[in-house]
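Presented below is the structure to which this report refers.
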Amino acid sequence: MIEIKKLTKQADNKLILRGIDLSIKKGETVAILGPNGAGKSTLLKVLATLIKPSSGHVTINGYDLRKNQMKIKKMMGYLPHSSLLYDHYSPLENLVFFGNVYGIKNVEQKSIDLVREVGLSFFLHEPVKNFSRGMIQRIAIARAIIHEPPLLLLDEPHTGLDQGAINILNNVILSMKEKGTTTLMVTHDFKQATELCDRIIIIKNGKIVDDFRLEEKKLNLVSEKYQLQVEGVS
Amino acid sequence: MIEIKKLTKQADNKLILRGIDLSIKKGETVAILGPNGAGKSTLLKVLATLIKPSSGHVTINGYDLRKNQMKIKKMMGYLPHSSLLYDHYSPLENLVFFGNVYGIKNVEQKSIDLVREVGLSFFLHEPVKNFSRGMIQRIAIARAIIHEPPLLLLDEPHTGLDQGAINILNNVILSMKEKGTTTLMVTHDFKQATELCDRIIIIKNGKIVDDFRLEEKKLNLVSEKYQLQVEGVS
Amino acid sequence: MNTNTARKQASLLKTEPVAEKGTLFPKILLGATAVTVLASIYMIFIFSEVEKTMGVVQKIFYFHVSSAWCAFLAFFVTFVCSILYLAKRKRIFDTYAYVSAEIGVVFTSIVLTTGPIWAKSSWNTWWAWEPRLTTTLILWFIYMAYIMIRQMDGVWDKKARLAAVFGILGFIDVPIVFFAIRWWQSKFHPIVFGNGPSQKGGGITHTMLLALLVSIAALTLLYSYLLQKGVNLENMRIKVSQYKEKLREDMEK
Amino acid sequence: MLRAALLLAKKDLLSELKTKQVLATMIIFAGLVILVFSFAFDPANNTTRAVIPGVIWVIIVFAGILGLNRSFISEQRNDTMHGLLIAPMEASSIFLGKFLANFSMIMIVELVSLPFLFLLFDFHILGYFPYFLLVLVIGSFGFISIGTFLAALSANSKSSEMLLPLLLFPVTSPILIGAVQATRIILTNIEKLSSAMAWIQLIAAYDVIFFVLCFILIDYVLEV
Amino acid sequence: MLRAALLLAKKDLLSELKTKQVLATMIIFAGLVILVFSFAFDPANNTTRAVIPGVIWVIIVFAGILGLNRSFISEQRNDTMHGLLIAPMEASSIFLGKFLANFSMIMIVELVSLPFLFLLFDFHILGYFPYFLLVLVIGSFGFISIGTFLAALSANSKSSEMLLPLLLFPVTSPILIGAVQATRIILTNIEKLSSAMAWIQLIAAYDVIFFVLCFILIDYVLEV
Ligand code: HEM
Ligand SMILES: Nc1ncnc2c1ncn2[C@@H]1O[C@H](COP(=O)(O)OP(=O)(O)OP(=O)(O)O)[C@@H](O)[C@H]1O
Ligand SMILES: Nc1ncnc2c1ncn2[C@@H]1O[C@H](COP(=O)(O)OP(=O)(O)OP(=O)(O)O)[C@@H](O)[C@H]1O
Ligand SMILES: [Mg+2]
Ligand SMILES: [Mg+2]
């Protein structure tokens, strides 16, 4: 699904990504761990076509990231730190707008279903700006998956969610996984990473320092490996 | 330290807080749990003098919230969802500005120390807007504690922090606790709540539904009680 | 906007006490208004004499001056209620301030239409950039801005607070309008009451003065009737939305 | 591509229209701007009449800047701009959508404010009305298209915030100069219509060149 | 209180020095207005002199609004406004700080653009220079102080850019009328200095009343 070769990203003179090589197969659920400022979000942004890499080569589903942006954009759902929602619009209006942008059919019904799924039916018509953090995050998740993308890029998706919403999100990710969706998830929460993912990548200082599969869901293994790699960093 | 009596908050006709009675003693560390949209952040905002309650009575350290705002503001450190930092300014400039606003002495040195403490010495002079989420959160924490307030209001302070930073934050909170600081912390992370706090409050639908002390640090107890109260909510 | 409020006013008059029950007061007010309005019409058109130089057009005078007075009164009520709101934070003051400002805008609009009609026949121009005319226009703009603040998005208490602040600031223009011709020695606009520098124009006789007083009384009564009615309507609207919210909350449980 | 652009324009205009206040706001705004000019320049005075062409374009530029600034800055809250960038729409659609929204807004402002202005300053332009309209439309077109482009540029490139104002005026000044001159000739000196037409042609050529250029270059501007 | 206000003003001005965006917009806009008017009028022509007082205040008003708009909206990013509100400083300090920053900005704009204007129109005002300066300062003072207050008020609205002129123009119009009249008398008709002084007194009185009012009322505006 995703092939990354010698990817680097430089901002001014600062190297943020220093040569990333990575290959992710279709259907995998990959967690990306790493200390603050390691370059995790930057990597996701590159994959989301939001920033151009300085050098290196990326293909997604066979499409070159530089040349076939339109195709890639269509099949990708991206959930960044910010919500990407219009403050003055209600959840429904937001979802309908983005649904239309992605050209999906039967937008209205689909949006209503999604809002119900994330448990905010009662707030369907209220402007998003009055929402609490967790409620905004729920709508943001709905926005990211409205076009049922075969590739999901999630940047700390569990932020601000309560226990119920975490369960909803995990179920969504798992059910999409069953449909064959590939998921990349940046997180600082080892517990969720172990629960959801079958592969863990640790990034430090713009480089991949560890990359292992997680056959049994063992929390200890993850924190051990993380400790080992990141020890003495901050 | 904090006395809340029959506090309600209404936005238009929507009741957000429906009669909160709470009394917190000096030096306590209290975790506030609850589902999304329960009104936790709103409660904190009321205490931070950011919104006026619709009815009810609040005193902090004996000062009335309506009348003695200045005194209360001076002794309160507040960390909300947004960072409250100026994007174009570097961490140093931000901290110096806020330090000056609080009228503390030797601002420059203190700011440098704080930035070092949160592990960002290397970024002392770079504008905050380029920072990663965790880095911003670190500076935001530094901003909230720069005047060594005897009362800390933290709204999901662990958001976006990596393991190292979580340890730093927890140490800061614990060491401030030893100095007698009272802390109110909204969080969705039971683990941190159990580790740090000696009292747990559960809010649901704008009301306090549970309030218990945590003599032994038992994670299970917290999630059990939470489950019990919030069950079937979302 | 202006036509909007005017229409609302019209519908206010038409839709009779369907929902409103209770005290006798509004009915008395309505009766008194009707009687004085009829009386003033009689006074204006039949009782009082026709002015010598201007002729029948001068009859506009009574509407012109009395609606100006009512506009001032309405804005004064807004001013006072705004202060009261900031001090007491009771929603009722806010409602009064708002409704009163809307009515005041309507009256100002009447002044701004009768004025030019009159001006066309007596000064032979629709409009002149003259202190009182300009300041009156500004007054109209200020209270349009006040209404725009009310239309902002957000919770009512925020809007009420900001509007109250602006209601206090904006009122400063009212005395300016009143004194404009007295300070600036206007060439155009006549002064009738008080002693300005140039005591010309007007030439008011006893019958005219009487007619004027009656029509001022009539319009003041009309104003209080409209105010009372508007406040009732607004209160009703608030109650309905409260019930709606309650229903929704019940559903939520 | 057009579909996406229309969607975007609709969204922008709807979010303005939702409150239903826009038109009221604009009318009052226009009235007030004219009020300010009537303080500044005595409308009765005949020489100040000559100000009108200038006033018209000052209004357009000023209202335009307010709108343009907003147009992309409003997409900064919650980074909604990123939402558009990751969506399967071309950068040129975003440009076109924003341009359409801005252009309709400025047209509404002009439609509302200029009649006021003429009324107030007692100006009669019936005969040359089509020409006047033409100047207005192509002048605003150029100003807004370049403005939209540069607003995108300045809103997006994080390091170069001072670009919008610094670039907008110099780049659009040929349009503005041409428009003021053409307006003046049409309104006060209609015999020289041919020279006004020359100005109009100049503006039109400039418009076309820049619109095409913006269309091509917007791809590079809207990279994050 | 003054200390906090100065801190805030310093912060705003420093961040302006870093990005230079607002000041650049204001100055370039001022330049544009001058340019447009110099097309409309032959600067050499003597009768067009009458326009200059108007042009001066048009520049101040419109450039001022561009700056005022920014002043509170810039505090919305990351909710830094809340940072100020929870700090132990009074609302009036915030007002004073913002006022100082805005006032210095507009003074810079005037300082830069007016000499340019006089040069272009070949105007000699040496004799009455102190009076002229006085009018400028107290006129700008009133305009900016009321403007800062209303900017704080309108920042609560979604379309604050449009709301601000709506609120600001009518409330400040007495100041503007007075300032234009006083400027005109001083620049073209110095014999009537006494009537200019009357205008100046009027403006001064208005300034004082409103400054005090704003100072009292800002508490209510800056509640969240
Ligand atoms: C063209 C627009 C006009 C406007 C906006 C206007 C506005 C006003 C206002 C606001 C007042 C009330 C102030 C007060 O009671 O002191 C007033 C009063 C009055 N107006 Fe007008 N007016 C206009 C035209 C005229 C004309 C054409 C005449 C007659 C030639 C006229 C004659 C009067 C008189 C006699 C009063 C009572 C004056 C007093 O003693 O204050 N007005 N006008
Ligand atoms: N435009 C930029 N200019 C300079 N440095 C930048 C820029 N953008 C990002 N950086 C730097 O790149 C580094 C990586 O940022 P990134 O957001 O990818 O971190 P992250 O791994 O997501 O961290 P976190 O866990 O805190 O979210 C940071 O040190 C940041 O300061
Ligand atoms: N201005 C407002 N107008 C209407 N409703 C509001 C307003 N502000 C907050 N609310 C509502 O109040 C409720 C509580 O919000 P609050 O931010 O306190 O929740 P929270 O407990 O912090 O949730 P989270 O865990 O998601 O952060 C939400 O349902 C929100 O929609
Ligand atoms: Mg990140
Ligand atoms: Mg919250």
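Naming convention: chains lettered A, B, ... in sequence-line order (proteins, then strands); numbering from 1 in each chain.
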What part of A:Lys40 is in contact with chain B, defined as an atom under 4.5 angstrom from a non-hydrogen atom: side chain, backbone, both or neither?
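It is neither, since no heavy atom gets under 4.5 Å.
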Examine whether an atom of A:Tyr226 lies under 4.5 Å from a heavy atom of chain B, and if so say whether it belongs to the side chain, the backbone or both; otherwise answer neither.
side chain
Test item: A:Gln163 side-chain N/O and B:His188 main-chain N/O as donor-acceptor pair under 3.5 Å
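Yes; judged by distance alone, with no hydrogens or angles, the pair exists.
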Determine the minimum heavy-atom distance between A:Gly37 and B:Ser132, stating which atoms define it.
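Taking every non-hydrogen atom into account, N-OG, 3.4 Å.
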Check whether any side-chain heavy atom of B:Thr159 lies under 4.5 Å from a side-chain heavy atom of A:Arg133, and answer yes or no.
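With C-beta onward as the side chain, the pair touches.
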Compare all side-chain heavy atoms of A:Asn36 with those of B:Arg138 and state whether any distance is below 4.5 angstrom.
yes
Under a 4.5 Å heavy-atom cutoff, which of A:Gly34, A:Gly160, A:Ala11 has the most pairs with chain B?
A:Gly160
Contacting region of B:Phe123 [heavy-atom separation from chain A under 4.5 Å]:
side chain
Does any heavy atom of chain A fall under 4.5 Å from the side chain of B:Leu33, the backbone, both, or neither of them?
neither
Contact leader toward chain A among B:Lys191, B:His158, B:Gln137, B:Glu156, where contacts are heavy-atom pairs under 4.5 Å
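Option with the greatest count: B:Glu156.
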Interatomic spacing from CG in A:Asp162 to OG1 in B:Thr187 - rounded to 0.5 Å:
11.5 Å
Counting only heavy atoms not in A:Lys129 (residues, nucleotides, ligands), do more than 12 fall under 6.0 Å from its NZ?
yes
